[in-house]
Amino acid sequence: MEILQFIGQTGDYLQSAPGEPQNNNLANMARGEKLLTALRATIAQAKRTLDPARTAGVEIIDDVSTRVCDVVVLPFTGLPDTKEPLFVVMFESARGQSTNDELAKVNERLHSRNREVSQMNCELSAIDFPILILDRERRIRRFTPRARSILNVLPSDVGRPIDDIKLNIDVPDLDAQIANVILTAQMKESEVQDRDGRWYRMQIRPCEATDEHIDSAVLSLVDIDVLKHNVSDARQAEGEAEQANRAKDQFLATLSHELRTPLATVLMHAQLLRRGDADAARVKRAGEAIERGTKLQVQLIEDLLDVSRMVAGKLQMEMQPVNLTTVIRAALDAVTASAEAKTISFTVLLAEVPGTVWGDPRRLQQVIWNLLTNAIKFTPEGGRVTLMLEVADGHARFSVSDTGIGIESGFLPHVFDRFTQEDNSNTRAYGGLGLGLAIVRHIVVRHDGTVKAESAGAGRGAVFSVILPLLARPVESLDAKRPAPVLRLSEREA
């Protein structure tokens with residue numbers, strides 16, 4: 001019974017109720033009991049039959065005069081955004097004044113509104129992205145089909161405030177944003193995510209009514225999830241490319257230094273020998289220096305060639321059964337002089353290995369030599385390096401530990417990457433191209449093994465462990481009847 005709109009002069013039939021201003025309720029505004037009774041009965045008939053209903057000769061009695069009218073009620077169900085039927089109530093004067101013209105105008109306006117609503121609903125249904133249309137109080141007027149699935153709105157939500165609905169987008173202050181757009185008539189655009197983390201570009205646009213004031217807003221979403229991830233991937237790729245360029249430049253600078261330093265030594269001693277005025281002792285020292293520099297050059301070139309073969313997938317392996325103890329002893333013989341030169345205590349604990357591994361003996365010796373050389377290089381004079389070989393569950397495990405400068409936790413995941421060294425003055429002072437550990441990992445993986453680096457941090461040493469499968473049947477666990485370790489070399493003290 002709430003009046004939504006007045007058309008024409010209704011004062012002869014309706015009046016405002018006395019007291020505080022209230023809603024325009026037809027029952028409170030009818031002039032007289034007879035008119036109220038006729039209104040209720042006629043509306044009830046129209047509601048029941050959904051056809052036009054008429055009550056003729058209704059008397060309206062007030063203090064001045066008595067009038068007679070016909071009450072005509074037309075059911076109107078043409079608005080899709082209403083939850084209950086609407087009715088057009090007309091008062092037709094019994095004095096002969098015809099309401100046909102007025103009724104025709106009302107019908108034409110209603111049919112025009114119906115056509116507009118139908119056309120709007122058709123256009124909204126054809127739009128394949130979520131749109132919500134809200135009135136000035138942020139109540140939902142209508143929405144596109146896509147809004148139902150993406151925003152989690154239902155037909156029964158029409159007429160409800162948007163703040164009462166749990167939408168499927170993570171925008172806690174959405175109601176306040178819409179209110180601000182309606183108040184300021186300024187569009188707002190932002191990027192939002194739904195509950196599943198998918199990205200959308202949200203626009204809230206003000207809508208101007210015919211009287212040039214903002215009475216509604218349109219909220220729309222455009223899926224930008226793929227674009228968002230593509231941009232993120234592009235930025236990540238750009239960052240990785242920049243990092244690769246920096247690593248390349250840094251590697252070239254390091255390579256230049258590593259090649260130039262021994263060459264300078266070789267050149268200097270060669271010039272000394274060419275003069276021919278050196279005594280026997282100086283000639284001997286010059287020859288040894290030239291030999292050391294040449295060996296270093298050879299090792300650098302071999303590492304570069306190995307990395308090149310690794311990248312091309314052409315690093316050759318001559319696979320055969322290999323006795324790890326023999327390989328370890330050969331590698332130890334190659335680094336003993338380096339350890340003695342730095343007065344490093346060298347401890348080797350070798351358990352008996354009941355079997356062999358399938359591998360390339362020269363490459364496995366290269367792995368052990370690289371790990372031992374790395375430990376000696378980064379351990380200060382008077383430090384300790386320990387090599388241990390043990391067996392468990394059909395695998396051989398050898399580890400090289402030291403009391404050297406250690407590895408920062410942030411660099412541990414990158415310690416086996418090519419052309420990388422921990423970026424601080426301590427590690428740079430020891431030289432090298434950062435290739436040895438990358439070669440170690442590649443060779444170990446080619447032998448179906450694993451390699452791992454551990455360190456408690458800077459100044460606390462490091463441990464590198466390699467695990468390789470044995471060809472023999474699995475042995476008992478390390479904790480059950482493992483052969484006692486044997487001291488291979490005695491400690492060499494300074």
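The side-chain heavy atoms of T356 and L324, taken from C-beta on, include no pair separated by under 4.5 Å. The shortest side-chain heavy-atom distance between L272 and R275 falls under the 4.5 Å cut-off. Looking at heavy atoms from C-beta onward, Q203 lies in side-chain contact with M187 at the 4.5 angstrom threshold. For the pair V357/P469, no side-chain contact is recorded, criterion being any heavy-atom separation below 4.5 Å from C-beta on. With contacts defined as side-chain heavy-atom distances shorter than 4.5 Å, the pair V283/L273 qualifies. In this structure the side chain of E408 never reaches within 4.5 angstrom of the side chain of L412, judged on heavy atoms. Under the 4.5 Å side-chain criterion, counting only non-hydrogen atoms from C-beta, L468 is in contact with F398. Counting only heavy atoms from C-beta outward, the side chains of I328 and L387 approach each other to under 4.5 Å.
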Checklist line | Candidate pair L332 and F346, rule side-chain contact (heavy atoms from CB on, under 4.5 Å), full reasoning | finding: CA-CA 10 Å; L332 284 169; F346 216 39; 3.3 Å; yes
Next item on the list: Could you please spell out the steps behind the side-chain contact (heavy atoms from CB on, under 4.5 Å) verdict for V222 and Y200?
Entry: CA-CA 5 Å; V222 177; Y200 296 87; over 6 Å; no
Checklist line | Verdict with supporting geometry, V440 and W369, side-chain contact (heavy atoms from CB on, under 4.5 Å) | finding: CA-CA 10 Å; V440 165; W369 182 88; over 6 Å; no
Next item on the list: Applying salt bridge (Lys or Arg N to Asp or Glu O under 4.0 Å), run through E381 and K342 and close with a yes or a no.
Entry: CA-CA 5 Å; E381 291 189 4; K342 294 184 69 174; over 6 Å; no
Next item on the list: Step by step, work out the side-chain contact (heavy atoms from CB on, under 4.5 Å) result for I204 and M202.
Entry: CA-CA 7 Å; I204 307 174; M202 182 179 72; 4.1 Å; yes
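Atom CG in L219 sits 8.0 Å away from atom CG in L167 (nearest 0.5 Å). Remark: L437 CG to H442 NE2 distance equals 14.5 Å, nearest 0.5 Å. In this structure, the separation between CG on N152 and CD1 on I169 is 11.0 Å, given to the nearest 0.5 Å. Atom CD1 of I376 sits about 8.0 Å away from atom OG1 of T336, to the nearest 0.5 Å. Summarising the geometry, atom CG belonging to N168 is positioned 11.5 Å from atom CD belonging to Q193; distances are rounded to the nearest 0.5 Å. With values rounded to the nearest 0.5 angstrom, I182 atom CD1 is found 6.5 Å from R138 atom CZ.
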Please tabulate, for side-chain N and O atoms in residues 358-368, each donor-acceptor pair with protein atoms closer than 3.5 Å (sequence neighbours left out).
from : atom 1 : to   : atom 2 : distance (Å)
D360 : OD1    : R362 : N      : 2.9
D360 : OD1    : R363 : N      : 3.3
D360 : OD2    : E318 : N      : 2.8
R363 : NH1    : D306 : OD1    : 3.4
R363 : NH1    : D306 : OD2    : 3.2
R363 : NH1    : Q366 : OE1    : 2.7
Q366 : NE2    : D306 : OD2    : 2.9

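Every salt bridge (charged side-chain N to carboxylate O under 4.0 Å, His left out) that D225 has, sequence neighbours left out, goes to R198.
Within a 6.0 Å sphere centred on CZ of R195, heavy atoms belonging to other residues, nucleotides or ligands number more than 12.
Judged by distance alone, the side chain of S455 and the main-chain N or O of G406 form no donor-acceptor pair under 3.5 Å. With hydrogens and angles ignored, the 3.5 Å screen pairs a side-chain donor or acceptor of D402 with a backbone N or O of A462. Looking at R282, its side chain never comes within 3.5 Å of a backbone N or O of A286 through a donor-acceptor pair. Distance alone, capped at 3.5 Å, is enough to place a donor-acceptor pair between the R446 side chain and the L315 backbone. Judged by distance alone, with hydrogens and angles left aside, the side-chain atoms of H447 form a donor-acceptor pair with the main-chain N or O of I443 at under 3.5 Å. Between the side chain of T403 and the backbone N or O of R384 there is at least one donor-acceptor pair closer than 3.5 Å.
R136 and S216 share no donor-acceptor pair across their side chains, judged by distance under 3.5 Å alone.
Taking a cutoff of 4.0 Å between a charged side-chain nitrogen and a carboxylate oxygen, R201 and E191 qualify as a salt bridge.
Under the side chain to side chain donor-acceptor pair (under 3.5 Å) rule, Q177 has a single partner from D173, N180, D175, which is D173.
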